Every structure is written in structure tokens, then in C-alpha cells.
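First comes the structure, then the notes that go with it.
Everything quoted here is computed from the prediction, not taken from an experiment. Note on naming: letters A, B, ... go to the chains in the order of the sequence lines (proteins, then strands), and numbering restarts at 1 for each one.
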There are 2 protein chains.
Amino acid sequence: MSKQGRGTDSEGEACCQGVASAPLGEEQAADLAKAFKALGDPVRLRLLSMIASRDGGEVCVCELTPAFELSQPTISHHLKLLRQAGLIDCERRGTWVYYWALPAALNRLAAFLRSAEPAGVGA
Amino acid sequence: MSKQGRGTDSEGEACCQGVASAPLGEEQAADLAKAFKALGDPVRLRLLSMIASRDGGEVCVCELTPAFELSQPTISHHLKLLRQAGLIDCERRGTWVYYWALPAALNRLAAFLRSAEPAGVGA
DNA sequence: AGGTTGCATCAACGAATGTCAATACAGCAA
DNA sequence: TTGCTGTATTGACATTCGTTGATGCAACCT
């Protein structure tokens, strides 16, 4: 539970230019694939959106678990994967654990996808 | 091999408001997860970037396969998954098959991720 | 101290995924 | 026609993934 800066946005790693800019090296592909794989599950997507759409920016696990018809260990597992992917982070505060999204990571992925066809080329 | 309009960009489906806008329903989550899952593999990410970064917009399979140290059926399989995810499309032209990216699909995913923290809130 | 609640980890299972060799199909060329 | 080349499909395999019940750990409350 690292409790990092909660990045407003810009973080180092200008990184890859976007899907339509260059053929993408093996390392960058492996790095991005980890993040996208974490997004490739409906439960994790819903968890992430529940966390990211929260006004205070934080959500207690005790609010996330009952929102799904899944066991508590399963939700905990998905939260762990999202955290390992660098998309969210968490902190224990007394009895409860709070999660928040890391916008820098999400914007990095968005920037990678966005650069597809800036203007109009085909047709 | 549908050969659709090769959308310059805008396509119906304004769809979901973005990860930070709403808790995301089950259907939307399942739909988005399919696309993200397709991006969750390094080989498919490299394939997609090779296709999307092509000037003419099209790439022959005969150029994609030798770029990887994988068997031809494996590459064909990954291309099929990308196509089923709606991220690319293809057309047979004589002996060869050409693939191109579908920017509308990529931009839809980017739009979903982008809306995370527009300005600066945390820290 | 003991008891209770919230969350994480462990061990195990079926299901899905990535990969390949073998095969099938489509189009071109003699 | 027969043969050859490019691509897709099939069948099989090892690995990974999603899920759960059982268990462990941390923090609160008597």
C-alpha cells in the first residue's frame, strides 16, 4: 500500500507515441499489455469505474464487495490485480481499506489509443 | 471480411461516459472488457500498432507473420481475435489478405479512459 | 484477555488462453 | 488438370485465469 502522490496527471514516462505512430517494441508492448489485460475483465472494469467515479476519490472495500454477486476473496483478488497493474492504489485506515484510482496510468493508456487516425485518411 | 466504411472516426455509439463518470453497468463493462482483453497481449498490441501505423492504412499478412518468432497459425489466431474485438478488419485481395485498423473502436476505448481526472484534483 | 468484524492470502478446481503441427481452403500459374 | 503459395481452421497440449471455501492477520470493542 504505497500511498504515492495520487498524481494529478503528468508522470515521467512520456513513453510510447501511440498505436498509430510506431510499430511498438517488444518491451513497450509487454508493459502496455499488462495494463490492458487488467482492464480485460468486466468485474475489474466495474470496480475501476466505481473507484474512479467517486467524488472524494476514495472508496472503501466494504462498499465495493456487496456491489457484486461474488465472494469477498474474489473481489480482493481483482483489486490486487488492478493495483499490480498500477491503475489503483490503496491505504489501510483503521479497520477499513480505501482504494483510489491513478489517473496518470489511465491517461497513459488513453493517449496510446487516442492517436489512431488524427484526421481523415482512408475512404 | 466485411469491408466497412473504414470510419474516419465518429461512429454511432456515443456510449459510456468514461471510467470516472459513472459506475458502469454490467453490459457496458462486458462489452468494453472484450475489447480491452484483446489488447491484453503483447503480440496483439504489436500487431495492432504495426497495422495502425501503416501509411496506406493496410498491411498484408505476409508482412506481419515474419515480424514475429511465432508460427503462422498463431499470428492468424491473434489477428482473428483482434477482428472479433472489432479493432481491425480485413479483406482478401487475390492471394493475399490485407488488414486495417478501425480508429472508431480505438477512440471509443480512449474516450472511456481519458475522462479520468480532467484537470487536477488530488494532492 | 476474549470475541467480532474487515480484508488478504492460501489451496484447489474448472474454464479459458497461447502455442504449435497437421490439415484444409483459396487463388495463381503452368 | 496438377502443383504451388498464402492464409485460415482444427486438434491437442501446457499455462494462465477466475472463482470459491478455508484460513490468517489486523483493528476495533467489550
Side-chain angles (χ1 to χ4, degrees), chain A residues 1-3 24 26 29-48 50-51 54 58-85 87-100, chain B residues 1-3 24 26 29-48 50-51 54 58-85 87-100:
Chain A
M1 302 186 184
S2 39
K3 177 80 172 180
L24 199 59
E26 291 190 38
D31 185 41
L32 286 168
K34 285 183 183 177
F36 282 124
K37 183 181 295 183
L39 296 175
D41 181 277
V43 175
R44 287 195 292 271
L45 269 186
R46 291 179 60 196
L47 282 170
L48 180 64
M50 289 180 68
I51 297 172
R54 243 319 170 43
E58 295 177 342
V59 187
C60 176
V61 174
C62 62
E63 294 185 70
L64 297 173
T65 303
F68 298 83
E69 293 186 349
L70 292 170
S71 69
Q72 175 266 319
T74 298
I75 300 300
S76 186
H77 172 65
H78 285 305
L79 288 172
K80 183 180 183 178
L81 292 186
L82 284 172
R83 192 157 59 86
Q84 289 179 336
L87 301 176
I88 63 177
D89 203 355
C90 66
E91 179 191 37
R92 177 166 216 121
R93 208 166 307 155
T95 304
W96 296 279
V97 176
Y98 294 86
Y99 281 82
W100 58 86
Chain B
M1 303 187 182
S2 41
K3 177 81 172 182
L24 200 59
E26 292 190 39
D31 185 41
L32 286 168
K34 285 183 184 176
F36 282 124
K37 184 181 294 184
L39 296 175
D41 181 277
V43 174
R44 287 194 293 271
L45 269 185
R46 291 179 60 196
L47 281 170
L48 180 63
M50 288 180 69
I51 297 172
R54 242 322 169 41
E58 296 177 341
V59 187
C60 177
V61 174
C62 62
E63 294 184 70
L64 297 172
T65 302
F68 299 83
E69 293 187 348
L70 292 170
S71 69
Q72 174 267 320
T74 297
I75 300 300
S76 186
H77 172 65
H78 285 304
L79 288 172
K80 183 180 183 179
L81 291 186
L82 284 172
R83 193 158 57 86
Q84 289 178 336
L87 301 176
I88 62 176
D89 202 355
C90 66
E91 179 190 38
R92 178 164 216 121
R93 209 166 307 155
T95 303
W96 296 279
V97 176
Y98 294 86
Y99 281 81
W100 59 86

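- Protein atom CZ of Arg93(B) is 15 Å distant from nucleotide atom C1' of dG6(D), rounded to whole Å.
- The separation between Lys80(B) atom NZ and dT17(C) atom C1' is 14 Å, rounded to whole Å.
- Of the candidates Ile88(B), Val97(B), Thr65(B), Leu79(B) forms a side chain to side chain contact (heavy atoms under 4.5 Å, CB included) with just one, namely Ile88(B).
- In this entry the distance linking CD of Gln84(B) with P of dT9(D) reads 9 Å, nearest Å.
- Contact between the side-chain N/O atoms of Arg92(B) and the OP1/OP2 oxygens of dC25(C) is not found at any separation under 4.0 Å.
- Taking atom CG of residue Leu79(B) and atom C1' of nucleotide dG6(D), one finds them 13 Å apart after rounding to whole Å.
- When the nucleotides dG18(C), dT7(D), dT19(C) are ranked by their closest atom to the side chain of Thr74(B), dT19(C) comes out on top.
- In this structure, His78(A) does not reach the dC17(D) phosphate: none of its side-chain N or O atoms is under 4.0 Å from OP1 or OP2.
- As rounded to whole Å, 14 Å separates atom C1' of dG18(C) from atom CZ of Phe68(B).
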Could you walk me through whether Lys37(A) and Lys37(B) satisfy the side chain to side chain contact (heavy atoms under 4.5 Å, CB included) test, starting with their C-alpha distance in whole Å, then the side-chain angles of each, then the deciding distance to 0.1 Å, before giving a yes or no? CA-CA 6 Å; Lys37(A) 183 181 295 183; Lys37(B) 184 181 294 184; over 6 Å; no
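- The separation between Leu82(B) atom CG and dT17(C) atom C1' is 14 Å, rounded to whole Å.
- Residue order along DNA chain C, read from the 5' end via each residue's closest nucleotide, puts Leu81(B) first among Pro73(B) and Leu81(B).
- Counting heavy atoms of neighbouring residues, nucleotides and ligands inside a 6.0 Å radius, atom CD of Glu63(A) exceeds 12 of them.
- In the set dA8(D), dT19(C), dT19(D), dA8(D) carries the atom at the smallest distance from any side-chain atom of Tyr99(B).
- Rounding to whole angstrom units, CD of residue Gln72(A) and P of dG21(D) are separated by 11 Å.
- Comparing dT19(C), dG6(D), dT19(D) by their nearest atom to the side chain of Trp96(B) picks out dG6(D).
- Across all strands, Leu70(A) comes closer than 4.0 Å only to sugar-phosphate atoms, never to a base (heavy-atom distances).
- Residue Asp41(A) is the one, among Asp41(A) and Gly94(A), whose nearest nucleotide of DNA chain D lies closer to the 5' end (criterion: closest heavy atom).
- In this structure, Thr95(A) and Lys37(A) both approach DNA chain D, and ranking their closest nucleotides by distance from the 5' end singles out Lys37(A).
- In this structure, CG in Leu81(B) is found 11.5 Å from CG in Leu39(B), a value given to the nearest 0.5 Å.
- As judged by a 4.0 angstrom heavy-atom cut-off over every strand, Ile75(A) is placed among residues making no nucleic acid contact.
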Apply side chain to side chain contact (heavy atoms under 4.5 Å, CB included) to the pair Leu32(B) and Leu24(B), showing each step before the final yes or no. CA-CA 10 Å; Leu32(B) 286 168; Leu24(B) 200 59; 4.2 Å; yes
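- Put simply, OH on Tyr98(A) is 14 Å from P on dA27(D), counting in whole angstrom units.
- Of the candidates dA8(D), dT9(C), dC20(C), the closest approach to any side-chain atom of Ser76(A) belongs to dT9(C).
- Here Ser71(B) lies in heavy-atom contact (under 4.0 Å) with a base.
- Across all strands, His77(B) comes closer than 4.0 Å to base atoms (heavy-atom distances).
- When heavy atoms are screened at a 4.0 angstrom cut-off, Leu64(B) is found touching no nucleic acid atom at all.
- In the set dA22(C), dC7(C), dT7(D), the nucleotide with an atom closest to the side chain of Cys62(B) is dT7(D).
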Verdict with reasoning, Trp96(B) to Val61(B), per side chain to side chain contact (heavy atoms under 4.5 Å, CB included): CA-CA 7 Å; Trp96(B) 296 279; Val61(B) 174; over 6 Å; no
